[in-house]
Amino acid sequence: LLFITEMWERFSYYGMRAILVLYLVNALKWDTAHAANLYGTYTMLAFLTPVIGGYLADRFIGTRRSLVIGSIVISLGHFTLAFSGMTAFYIGLGLIIIGTGFFKSNVSTMVGQIYREGDPRRDAGFTIFYMGINSGAFLGPIVCGGLAQSTSFGWHYGFAAAGVGMLLGLIGYLWGRDRYLPG
């Protein structure tokens with residue numbers, strides 16, 4: 001279940017990242033330096049916010065609720081990017097950063113919580129989980145990039161596809177969490 005949830009989150013994350021700089025340069029006509037600067041800042045914040053999300057989950061919210069909150073906020077961010085306008089663009093990126101903070105730190109923690117210390121299945125569990133990361137990271141740029149570059153669809157369909165991917169991960173998690181991840 002966590003493999004599937006993480007796969008869809010990575011699909012959305014890497015799918016959107018694959019088209020972000022291209023969108024800025026080709027659609028919004030930013031120069032490459034400014035586009036790369038925004039990309040770097042976005043990526044840095046997406047990797048720093050899990051520290052805050054993990055702290056909030058440990059102290060107040062819990063891993064299960066944090067993962068749901070993160071999934072919803074990430075989805076909203078991607079769908080916001082599907083709208084035109086710079087306000088929607090910056091709000092969308094901000095929502096993805098915040099959602100990633102809640103999601104990223106907690107999904108990995110949940111994998112670790114499945115197995116007791118010393119359980120020989122623990123390494124295999126993390127290997128399967130890691131395969132989900134790689135699968136989503138492989139498929140996201142193909143689908144989102146294909147839609148973004150398509151003459152029939154366009155950039156905003158690529159961003160929306162990332163949101164659909166995250167929503168699929170959330171739906172799968174909500175469907176199976178009580179069945180497969182009790183407690």
Side-chain angles (χ1 to χ4, degrees), residues 1-21 23-24 35-83 86-114 125-126 128-141 144 158-177 181 183:
L1 178 63
L2 295 174
F3 166 94
I4 293 294
T5 305
E6 177 67 4
M7 181 195 76
W8 283 115
E9 188 274 337
R10 292 289 90 183
F11 172 94
S12 73
Y13 182 78
Y14 285 106
M16 188 282 291
R17 271 187 44 175
I19 63 175
L20 180 60
V21 171
Y23 172 72
L24 292 171
N37 188 30
L38 178 81
Y39 176 83
T41 302
Y42 163 76
T43 302
M44 174 195 65
L45 291 172
F47 280 98
L48 283 177
T49 55
V51 174
I52 298 165
Y55 175 81
L56 292 173
D58 286 347
R59 299 283 186 223
F60 306 107
I61 303 170
T63 54
R64 291 165 58 108
R65 274 184 254 141
S66 292
L67 189 132
V68 171
I69 291 167
S71 297
I72 291 168
V73 174
I74 290 169
S75 296
L76 290 173
H78 288 300
F79 289 129
T80 303
L81 288 175
F83 292 99
M86 291 311 295
T87 302
F89 178 76
Y90 286 118
I91 290 171
L93 287 181
L95 288 171
I96 295 167
I97 290 165
I98 292 166
T100 301
F102 282 105
F103 184 95
K104 196 70 190 141
S105 57
N106 292 293
V107 69
S108 300
T109 298
M110 291 174 77
V111 174
Q113 291 171 341
I114 293 172
F126 273 104
I128 292 168
F129 176 74
Y130 187 68
M131 289 168 42
I133 293 170
N134 289 334
S135 299
F138 174 75
L139 294 172
C144 296
F159 292 129
V164 169
M166 188 66 251
L167 260 177
L168 289 172
L170 174 61
I171 290 167
Y173 174 75
L174 291 174
W175 171 82
R177 76 174 171 183
L181 301 170

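What you see is a predicted model; the values in this text were computed from it and never measured.
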| query | With Arg64, which residues qualify under side-chain hydrogen bond (donor to acceptor under 3.5 Å, both in side chains), at least two apart? | reply | Asp178

| note | Taken in chain and number order and not counting sequence neighbours, the residues that satisfy side-chain hydrogen bond (donor to acceptor under 3.5 Å, both in side chains) with Tyr39 are Arg17

| request: Among Val68, Ile74, Ile72, Val73, find the one that has a side chain to side chain contact (heavy atoms under 4.5 Å, CB included) with Phe103. | output: Ile74

| In a check of side chain to side chain contact (heavy atoms under 4.5 Å, CB included) between His78 and each of Ile96, Val164, Leu167, which one passes? | Ile96

Heavy-atom check, side chain of [X] versus side chain of [Y], under 4.5 Å:
X: Val107; Y: Glu9; value: no
X: Leu93; Y: Met16; value: yes
X: Ser105; Y: Tyr55; value: no
X: Thr109; Y: Asp58; value: no
X: Leu20; Y: Phe89; value: yes

From [X] atom [atom1] to [Y] atom [atom2], the distance as rounded to the nearest 0.5 Å:
X: Arg65; Y: Leu56; atom1: CZ; atom2: CG; value: 12.5 Å
X: Glu6; Y: Ile133; atom1: CD; atom2: CD1; value: 4.5 Å
X: Ile97; Y: Phe47; atom1: CD1; atom2: CZ; value: 11.5 Å

| remark: residues 164-177 vs side chain to side chain donor-acceptor pair (under 3.5 Å), sequence neighbours excluded, gives none

